[in-house]
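For reference, the structure is listed below as structure tokens.
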Amino acid sequence: MLTIKSVENESIIKKCGVDNATILLSEEDGIEKGYIAFTQTGYVIDIVGFEVYYSEEELKGEAYTVADALIKSLGSYALNHSCFYIECSRKELFSLLKNFDFAQNDNSLTINLQQLFKVCKN
């Protein structure tokens, strides 16, 4: 079963180039599958690192499932911490985040949490 948990990991923080970040790590059967690292300023979450550990060129199959679970977990974290937006200004992450309906605004990508969690109409 795929699990997402908050962890402290100095090597990921170093890789992201920030002094402090919250890290959500994805694991399945004790094997790390990826992470998303972020900071919070006011009502905005800023993604500072995002990686899924797959060698595939395109984001598909299991790799997409892991990335989607990390994004949705971050969205849940954001809602629980009174945030309204998730953004990212790290251009190296843009191609990955565009798979999840992030919109480009000048030098950053942004998603409103209402877009991330669409309301189902029955």
Side-chain angles (χ1 to χ4, degrees):
M1 177 193 300
L2 187 68
T3 60
I4 310 285
K5 60 185 177 182
S6 179
V7 299
E8 291 184 20
N9 186 309
E10 288 300 318
S11 65
I12 292 175
I13 288 176
K14 221 179 243 189
K15 189 187 291 188
C16 296
V18 294
D19 291 334
N20 58 353
T22 302
I23 300 164
L24 298 178
L25 182 72
S26 174
E27 256 184 16
E28 187 170 32
D29 298 324
I31 300 168
E32 292 182 6
K33 299 291 185 172
Y35 70 87
I36 193 161
F38 58 94
T39 59
Q40 179 179 349
T41 305
Y43 298 109
V44 178
I45 295 288
D46 183 28
I47 298 172
V48 296
F50 186 23
E51 187 175 357
V52 288
Y53 304 140
Y54 292 88
S55 59
E56 301 172 39
E57 287 293 319
E58 294 179 30
L59 192 62
K60 58 185 175 186
E62 188 177 350
Y64 181 87
T65 300
V66 170
D68 185 59
L70 286 164
I71 290 287
K72 297 254 172 53
S73 294
L74 177 57
S76 178
Y77 177 97
L79 285 173
N80 287 328
H81 289 82
S82 301
C83 295
F84 305 114
Y85 296 95
I86 299 172
E87 67 180 21
C88 180
S89 58
R90 302 208 173 191
K91 293 189 188 297
E92 66 271 16
L93 301 176
F94 283 16
S95 62
L96 181 58
L97 291 170
K98 284 183 178 179
N99 288 290
F100 301 98
D101 296 328
F102 279 72
Q104 189 156 355
N105 299 316
D106 297 323
N107 294 322
S108 68
L109 293 181
T110 305
I111 191 166
N112 181 313
L113 293 181
Q114 289 178 326
Q115 289 174 270
L116 186 60
F117 299 112
K118 296 175 177 81
V119 176
C120 294
K121 296 178 183 178
N122 293 337

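Residue Leu25 comes nearest to Glu32 through the heavy atom pair CD2-OE2, 3.7 Å, listed as atom of the first residue, atom of the second, then distance. Across Ala78 and Leu113, no two heavy atoms sit closer than the pair CB-CD1, 3.6 Å. In plain terms, the two heavy atoms of Ser26 and Leu2 that are nearest each other are OG-CD1, 3.0 Å. The two atoms that bring Ala67 and Phe100 nearest to each other are CB-CZ, 3.6 Å, heavy atoms only.
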In residues 4-21, what donor-acceptor pairs under 3.5 Å come from side-chain atoms, sequence neighbours left out?
| from | atom 1 | to | atom 2 | distance (Å) |
| --- | --- | --- | --- | --- |
| Lys5 | NZ | Glu27 | OE1 | 3.4 |
| Asn9 | OD1 | Ser11 | N | 3.1 |
| Asn9 | OD1 | Ser11 | OG | 2.6 |
| Asn9 | OD1 | Ile12 | N | 3.0 |
| Lys15 | NZ | Glu51 | OE1 | 3.2 |

Using a 3.5 Å cut-off and no angle test, enumerate the donor-acceptor pairs between side-chain atoms of residues 103-110 and protein atoms at least two apart in sequence or in another chain.
| from | atom 1 | to | atom 2 | distance (Å) |
| --- | --- | --- | --- | --- |
| Gln104 | OE1 | Lys98 | NZ | 3.2 |
| Gln104 | NE2 | Asp106 | O | 3.4 |
| Asn105 | ND2 | Thr110 | OG1 | 3.3 |
| Ser108 | OG | Asn105 | O | 3.4 |

Donor-acceptor pairs under 3.5 Å, side chain of residues 37-47 to any protein atom, not counting sequence neighbours: which ones?
| from | atom 1 | to | atom 2 | distance (Å) |
| --- | --- | --- | --- | --- |
| Gln40 | NE2 | Gly42 | O | 3.1 |
| Gln40 | NE2 | His81 | O | 3.4 |

Pair Val48-Leu93, side-chain contact (heavy atoms from CB on, under 4.5 Å): steps then yes or no: CA-CA 9 Å; Val48 296; Leu93 301 176; over 6 Å; no
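The ring-ring contact (aromatic ring centres under 6.0 Å, His included) analysis of residues 14-34, with sequence neighbours excluded, yields no pairs. The salt bridge (Lys or Arg N to Asp or Glu O under 4.0 Å) contacts involving residues 70-87 comprise Asp68-Lys72, where partners must be two or more places apart or lie in separate chains.
Considering only heavy atoms from C-beta on, Tyr53 stays 4.5 Å or farther from Ile31 through its side chain.
With sequence neighbours excluded, no residue forms a side-chain hydrogen bond (donor to acceptor under 3.5 Å, both in side chains) with Asn112.
Tracing side-chain contacts under 4.5 Å through hydrophobic residues (I, L, V, M, F, W, Y), one reaches Leu79 starting from Ile36; they form part of the same cluster.
For Phe102 and Tyr85, the ring centers are positioned 6.0 Å apart or more.
Rounding to the nearest 0.5 Å gives a distance of 11.0 Å between NZ of Lys33 and OG1 of Thr65. A distance of 14.0 Å separates CZ of Phe50 from CZ of Phe94, quoted to the nearest 0.5 Å.
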